[in-house]
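Here's the structure, in structure tokens; my notes come after.
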Amino acid sequence: MFLIEEREIGSVPLLHLTDNDGPAKKPALLFYHGITSAKEHNLHIAYTFAKKGFRVLLPDALHHGEREKSIVGEKRYLSFWDIVLQSIHEVPTIAEPFLQEGLIDENRIAIGGTSMGAITAYGALAAYPWLCSGCCFMGAPQYMEFSKAMFEKLEQHGVEVKEAQKEAVLAKISPFDLTADIERLNGRPLFIWHGKQDDTVPFMYAEQFANRLFDAYQGKTDRFQFIAEEGAGHKISRKAMLAAAEFLPQAMGSSHVSRTT
């Protein structure tokens with residue numbers, strides 16, 4: 001029987017999904033939604049992973065879902081990196097109660113997300129060596145490059161971003177740019193999917209990163225999988241979701257990362 005539980009950890013509302021059959025202690029997947037979305041919009045993805053034996057944790061990001069207050073709509077784009085960084089900082093806080101309750105395996109905690117959530121996941125992988133795997137749909141790990149592109153887009157829409165503001169943002173996000181040092185992945189399993197016709201987070205970001213990782217992972221398809229889907233835009237296809245749900249449990253079965261590292 002499947003469980004969908006509403007919880008609040010600190011100031012973070014989340015949904016907890018799992019199949020109650022099987023052992024109590026399970027591998028975990030923290031999965032983050034995209035900008036202007038909310039935790040419940042990824043229930044279909046969570047269900048797919050829960051069927052594979054995961055406890056799936058779906059948090060609401062800052063200014064989203066139940067945390068939505070005065071900063072709403074387009075205003076959230078101006079707070080994009082604050083939202084991402086806050087989510088990264090909250091990862092240990094979210095995992096800790098489930099660890100204390102003996103519900104998740106401390107050596108099999110994965111992270112993933114869609115769009116802004118995938119960008120969050122990349123940064124978390126850079127920050128936390130104890131995360132054992134990643135699952136990223138439509139994201140961009142190039143924090144510095146992507147941020148500069150966002151500034152340009154905002155200015156094209158008549159939004160002024162002062163140089164001091166730009167420099168402050170770049171300084172804050174720089175430590176979480178995974179592309180600055182891909183050795184931080186340390187061979188951890190990673191699944192990446194991106195639609196070739198994505199006009200929100202351009203495909204080139206995933207392609208450039210994947211080309212570097214093919215060399216780093218030396219063709220080990222059990223550790224790294226990249227799917228570039230022709231005809232797909234900024235929306236996860238069923239094919240992508242099912243492929244990720246096949247890859248992650250197999251990859252995590254051979255991935256042992258100590259949370260004390």
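The structure displayed is predicted, hence computed values, not measured ones.
- Among all heavy-atom pairs drawn from L99 and D105, the shortest one is CD2-C, 4.4 Å.
- Between L78 and L154 the shortest side-chain heavy-atom distance falls below 4.5 Å.
- Rounded to the nearest 0.5 Å, atoms CG (L17) and CZ (F31) are 12.0 Å apart.
- Residues T18 and L3 form a side-chain contact, since some pair of their non-hydrogen atoms from C-beta on lies under 4.5 Å apart.
- For E246, the side-chain contact (heavy atoms from CB on, under 4.5 Å) criterion is met by K52, Q250, not counting sequence neighbours.
- Take K51 and apply the side-chain contact (heavy atoms from CB on, under 4.5 Å) test, not counting sequence neighbours, and it matches F2, Y47.
- With R108 contributing its side chain and A28 its backbone, the two residues share no donor-acceptor pair below 3.5 Å.
- Residue-environment remark: NZ (K166) exceeds the threshold of 12 foreign heavy atoms within 6.0 Å.
- What you find for V201 and A140 is that their closest heavy atoms are CG1-CB, 4.1 Å.
- Side-chain rings of F226 and W193 stay apart, their centers remaining 6.0 Å or farther from each other.
- Summarising the local packing, CD of E183 is surrounded by 12 or fewer heavy atoms from other residues, nucleotides or ligands at distances under 6.0 Å.
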Begin from the C-alpha positions of L125 and L190 and carry the test side chain to side chain contact (heavy atoms under 4.5 Å, CB included) through to its verdict.
CA-CA 10 Å; L125 287 167; L190 182 61; 4.0 Å; yes
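- Contact check for I119 versus Y143: side-chain heavy atoms found under the 4.5 Å cut-off.
- For the 3.5 Å distance criterion, the side chains of Q142 and T179 fail to qualify, holding no donor opposite an acceptor.
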Determine, stepwise, if the pair V12 / I94 fulfils side chain to side chain contact (heavy atoms under 4.5 Å, CB included).
CA-CA 8 Å; V12 184; I94 291 169; 4.0 Å; yes
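- Judged by distance alone, the side chain of R67 and the main-chain N or O of D60 form a donor-acceptor pair under 3.5 Å.
- Put simply, NE2 on H41 and NE2 on H33 are 9.0 Å apart, with the number rounded to the nearest 0.5 Å.
- Under the 4.0 Å criterion applied to side-chain N and carboxylate O atoms, K148 and E167 are not assigned as salt-bridge partners.
- Follow the hydrophobic side-chain contacts under 4.5 Å out from M252 and you never reach L242; the two are in separate clusters.
- In the displayed structure, Q165 atom CD is contacted under 6.0 Å by more than 12 heavy atoms of other residues, nucleotides or ligands.
- The two atoms that bring L57 and H16 nearest to each other are CD2-CD2, 3.9 Å, heavy atoms only.
- The heavy-atom pair separating I104 from A95 by the smallest distance is CD1-O, 3.8 Å.
- In this structure, CD in E40 is found 6.5 Å from CG in L15, a value given to the nearest 0.5 Å.
- Taking the six-membered ring where tryptophan is involved, the planes of H89 and F176 are perpendicular, since the angle between them exceeds 60° and thus also 30°.
- Here the options are D198, T114, D199, the test is side chain to side chain donor-acceptor pair (under 3.5 Å), and the partner is H234; only D198 passes.
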Audit row: I173, M144, side chain to side chain contact (heavy atoms under 4.5 Å, CB included) steps and yes/no
CA-CA 7 Å; I173 67 176; M144 305 296 278; 3.9 Å; yes
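- With rounding to the nearest 0.5 Å, the separation of OG in S237 from NZ in K235 is 10.0 Å.
- In this structure, F203 CZ and Q197 CD are separated by 9.0 Å, a value rounded to the nearest 0.5 Å.
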Please determine whether side chain to side chain contact (heavy atoms under 4.5 Å, CB included) holds for the pair V84 and M116, giving the CA-CA distance in whole Å, both sets of side-chain angles, and the decisive distance to 0.1 Å.
CA-CA 7 Å; V84 168; M116 180 182 73; 3.7 Å; yes
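- The backbone N or O of R184 lies less than 3.5 Å from a partner atom in the side chain of R188, making a donor-acceptor pair.
- Of all non-hydrogen atoms in P23 and K26, the two that sit nearest each other are O-NZ, 2.9 Å.
- Enclosure of atom NE2 in H44 by more than 12 non-hydrogen atoms of other residues, nucleotides or ligands within 6.0 angstrom is indicated.
- With a 4.5 Å cut-off on side-chain heavy atoms, P59 and K39 do not count as touching.
- The ring pair (Phe, Tyr, Trp, His ring centres under 6.0 Å) test with Y217 is passed by exactly one of F224, F191, F209: F224.
- Taken from CD1 in I88 to OH in Y122, the straight-line distance is 13.0 Å, to the nearest 0.5 Å.
- For the pair P141/D177, no side-chain contact is recorded, criterion being any heavy-atom separation below 4.5 Å from C-beta on.
- When the options P27, S133, C132 are evaluated for a side chain to side chain contact (heavy atoms under 4.5 Å, CB included) with L248, the one that passes is S133.
- Checking Q156 against E152 by side-chain atom types alone, no donor-acceptor pair falls below 3.5 Å.
- In this structure, K239 and E229 have side chains that are in contact, with non-hydrogen atoms separated by less than 4.5 Å.
- Between R7 and P13 there is no side-chain heavy-atom pair separated by less than 4.5 Å.
- Side-chain contact between I111 and Y32: present, with at least one pair of heavy atoms (C-beta onward) separated by less than 4.5 Å.
- Looking only at distances, a side-chain donor or acceptor of H64 sits under 3.5 Å from a matching main-chain atom of T36.
- When all heavy atoms are compared, the tightest approach of H63 to S79 is CD2-CB, 4.3 Å.
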